[in-house]
Structure formats: C-alpha cells, structure tokens
Visitor: 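Please see the structure below; I have some questions.
Proteins come first, then strands; the chains are lettered A, B, ... in the order of their sequence lines, and each starts at number 1.
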Number of protein chains: 2
Amino acid sequence: MPQPSRATALIERSPFFQAAGPAAMADLLRPSFTQILPRGAVLFEEGDDPDFLHVVLEGRVGLQASVPDRGKTMVELFGPGELCLAAAVVLRLPYLATAVALTEIRVLMIPGEVFRDTISRSRELCQATTELLARHWRLMVDQVVDLKLRSAEDRLARFIARRVDEESGTGVVDLPEPRTAIAARLGMTPETLSRAFAELERKGKLRRGPDGATVVPDRAALIP
Amino acid sequence: MPQPSRATALIERSPFFQAAGPAAMADLLRPSFTQILPRGAVLFEEGDDPDFLHVVLEGRVGLQASVPDRGKTMVELFGPGELCLAAAVVLRLPYLATAVALTEIRVLMIPGEVFRDTISRSRELCQATTELLARHWRLMVDQVVDLKLRSAEDRLARFIARRVDEESGTGVVDLPEPRTAIAARLGMTPETLSRAFAELERKGKLRRGPDGATVVPDRAALIP
DNA sequence: CGACGTCATTGATCTGGATCAACGCAAGGG
DNA sequence: CCCTTGCGTTGATCCAGATCAATGACGTCG
C-alpha cells in the first residue's frame, strides 16, 4: 500500500474532507489509491465515463475543453487539495472536458462508485459536496466576470494575486505550469501573456526572481 | 393563500423538484409564497444575505455582476422552472451578484432557513441540490468556453438555438428580455448584438416574425 | 397631442488583443 | 558536441468588436 499516510496528511486540511467528517473520509480512502503521473499525462478525456474522482495531491492539473475548428482552452486549473470534476462523477455523465497533468503530479484516485455510494450513506459528505460545488460555481462566475469585464493585464494580475494568498506569506510565487496553459486559462494567447508579464514588471508590480520564480513586492498594489 | 396550485403545477415538472421527492417538496412549499414583480425589480443585491431561495415561475431573471469602473455584465439568465442562486443559499454567504427582473415575473420565495433545514433532513433534496449545482457548474463551463473560443455571431446563434429546444417544436422563439440584457449575457455590446442579428438574418438562419418574434427556419443550420 | 426618455438600429472610427513571423535558448538525442 | 525540437519572448501587422455619434421607433406622461 503506497504511503496512505502522506495522502491523508495533505487532504485532511482541505475544507471538503473536513466537512465530510472522519467516518466518510475513511470510507472514501480505504478503496482508493494514489498515482504519480508525468507532465503531459491525460487523467481522462472528453466523453469518457467518470470512473474516478481525482484529488490533486501535488502538482497542477488543467481542465481543457475543445471546440472543433476553434482550438482548445483551459477552463480551470486545479492545485494540491482540490478535487477535479466532482460534477461529472455526481451526475454519472460523461466528462465534457479533458484533464491534463501540467506538471508531474500525485493524484488520489477515488473510485466513482465508492464516492456515489458513500454520498448516499453519509449526510455530511453529501452536504460537503453540495458546498464544494457551490464554491466551484462561484469560481466560474468570477472567471466569466473577468473575461467579460477585465483586460488581459488585469486578469493576469489577479491570477498571480490569488497564488500569493495560497502560498500565503512570502511574496514569491511559483507558476509551475507552462505559460501556454496559463494563457489559455486566462483567455489570451501566449504572446499577449508574455506582454502582460513584461508590462507588470515595467510597472514594478512584479519582479523576476533568481530562478524562474515570480516575486510580488506588494500584493495590494497588484490587484487593480 | 395565493394560487398554490399554479405554482406547484409549474415546478412539479422541473427535474430538481422531481428528484427532491414529494415529501421534501411539500415541506419546502408550505412556508413559501409567490410574488409578482414588475420588470426592473431587484430580487436581491450583491452583498445581501440570502434570506430566500428564488424559483422563477414566469418571466426572466438576470444575474448581474459588477466591477468598479468597468461596468456590469449579465452572468446568467434564469427562466421558468429554474432556481437562482442555490449557491449563496447553501453556503450562507452573501450574494456576489444582483438579481434583476428582466420582464414581469412571478417568483416562488422559499425561506433560506427552511431550505437549509429541509436539506439536512431529506437525503433526496440534498442529492437533488448537488446535482442541480453540478449542472449549473457545467453551464458556466459552457459559457467560459463560448467566451474564449467563439465569435459574437456564433455565441448569439447558440443562444437562440438553446431557446428553440426549450420551447421545443415551432421554430418561433421569443426573447422577452431587453437586448441590452442579452448582449451583456453574451459578453458583447448592444451594437455588436444588433449586427450579429442582422448578419444571421442576412444568411437566412433567422427571420423576423410578425410582432417582434424571432423565427428559426432550421435549427440545425443555426448551430455552427 | 406633443415633448421627452428609453432602447434598438445603423454608420464611422478606433483599439486591444490576435495573428503572423523571427529569434533566442535551454533540453534531449544522435 | 552539434543538431534538432519545443517554449517563451519580441516585433510588425491585422481585425473583430468596442466606442463614439446620429437616427428612428415606441411608450408614457404632462
């Protein structure tokens, strides 16, 4: 059995598993396992049936949607502690997007059947799921508002500011996912992303750290 | 008691109340009431606490978000049978958008406390809510993909096509909400919306009916 | 009934970001 | 060690859609 202790340590903190309660959590974890996948690996593809609920333990996963003739975009990025695509699993409906590992990742795989069974036994888990989906809905609302009302530069600034919170404290953020993925998530081309970075640096809102790391001198100045 | 029969008739069909089951439905409806509001009325405002869960019975409600200095957009439109903003009610968190009546409307008002109590008593209702939110999340994903990958004209075409389904059958769609609201929902200006309509008519994908109604000769030809 | 405010349409112009095109530079791979 | 191959950056140009401006079509109210 590959390090169940590390997996639980990471997810115990997450508000979702907190709300689900220890009993349901144990039920979910018993038949689950973790997997390590290289950058570029595909967790599942558009049209697949949702056999597993994936919980990101390390690295980043991107949810990629595509439209024939019009290319692909990144709908959402998931980091450590986040579950991707509860929606499809809950609805027992095929995924409508593809999940790709944007870095090397460690994921917890919870069998879909187990998740659905546990939901219909545990009231806490059901409510935790409801709240999780409610939060996810709000995130998508934010993204829609961003796309409709904010400029490319503002979108990038806010994206980085959110990462500062997550890694709370030091103004050093790392953006381990490829630029193309960030650009797609923010609804712009890699070229525009590159220019937005340059502009934020020029304005002193950002500095380029020693390795590739991004340094935010003043988080408040970043959010427009 | 103001026509409870008409209210139930309308919502009994909705997949949400179907899934919730008759018992939970009755619990929800007993302390609820309907209200009739004129176009332009505000159901709740950004920052308000969610005291009610609103179910649209007739007319259209728009969910409007605003960003200081950058104006407002319409995040989503809700029609008959749809519940707006389960998310805030579930999370007991202030609304992050404003709901406006885009036409004269009839809404069912379910007290937030009642909804939350019933959820924690009825497994079916909890699961129905989870599935509702999962579907809503998917709708927002669709909207994000639309905004990122499709042209203004395509977005309008798809918007109308969806209405054809809802009113299934005749190719006559009515768009009772003001053009400005549709434009905002689709992420474009009223001017661009107007030109998109003109272009679809020019291509024969749309015809202007006797009154202001929109006629779709061939739904399949509309979806790009 | 006429004045006015609101909203849709149409035309002319402007611009943010896309597209097209090099180029630099690290990481494999022979 | 050199030669790919794939990203990210930078520069030049283009275009979908925004913005600005004017006109028309209704309702509503004095």
Visitor: If you look at every strand shown and take non-hydrogen atoms under 4.0 Å, does B:R208 touch a base, only sugar-phosphate, or nothing?
Guide: sugar-phosphate

Visitor: Go through the structure and list residues passing salt bridge (Lys or Arg N to Asp or Glu O under 4.0 Å) with B:R135, not counting sequence neighbours.
Guide: none

Visitor: Who pairs with A:R162 by salt bridge (Lys or Arg N to Asp or Glu O under 4.0 Å), at least two apart in sequence or on another chain?
Guide: none

Visitor: Quick one, which residues of residues 190-204 of chain B touch DNA chain D with a heavy atom under 4.0 Å?
Guide: B:E191, B:T192, B:R195

Visitor: Which nucleotide of DNA chain D is the first, and which the last, in the 5' to 3' direction, to come under 4.0 Å of a heavy atom belonging to chain B?
Guide: D:dG17 to D:dC20

Visitor: Return the set of residues passing salt bridge (Lys or Arg N to Asp or Glu O under 4.0 Å) with B:R150 (not counting sequence neighbours), or none when no residue passes.
Guide: B:D146

Visitor: Checking B:S32 now: which residues fulfil side-chain hydrogen bond (donor to acceptor under 3.5 Å, both in side chains) with it, not counting sequence neighbours?
Guide: none

Visitor: First and last nucleotide of DNA chain C in contact with chain A, 5' to 3', at under 4.0 Å to a heavy atom: what are they?
Guide: C:dG17 to C:dC20

Visitor: Do any pairs count as a salt bridge (Lys or Arg N to Asp or Glu O under 4.0 Å) and have a residue in residues 213-224 of chain A, sequence neighbours left out, and if so which ones?
Guide: A:D165-A:R219

Visitor: Extract all donor-acceptor atom pairs below 3.5 Å that involve side chains of residues 174-186 of chain A and protein atoms in other chains or at least two apart in sequence.
Guide:
from: A:E177; atom 1: OE1; to: A:R163; atom 2: NH2; distance (Å): 2.8
from: A:E177; atom 1: OE2; to: A:R163; atom 2: NH1; distance (Å): 3.3
from: A:R185; atom 1: NH1; to: A:E76; atom 2: OE1; distance (Å): 3.2

Visitor: Could I get the full list of salt bridge (Lys or Arg N to Asp or Glu O under 4.0 Å) partners for B:R70, not counting sequence neighbours?
Guide: A:D154

Visitor: Heavy atoms under 4.0 Å, any strand shown: does A:G187 hit a base, just sugar-phosphate, or nothing?
Guide: sugar-phosphate

Visitor: What pairs with B:E199 under side-chain hydrogen bond (donor to acceptor under 3.5 Å, both in side chains), at least two apart in sequence or on another chain?
Guide: B:R202

Visitor: Considering all heavy atoms of both residues, which atom of A:G79 and which atom of A:R60 are nearest to each other, and what is their separation?
Guide: CA-NH1, 3.5 Å

Visitor: Any ring-ring contact (aromatic ring centres under 6.0 Å, His included) pairs touching residues 68-108 of chain B, not counting sequence neighbours?
Guide: B:F44-B:Y95

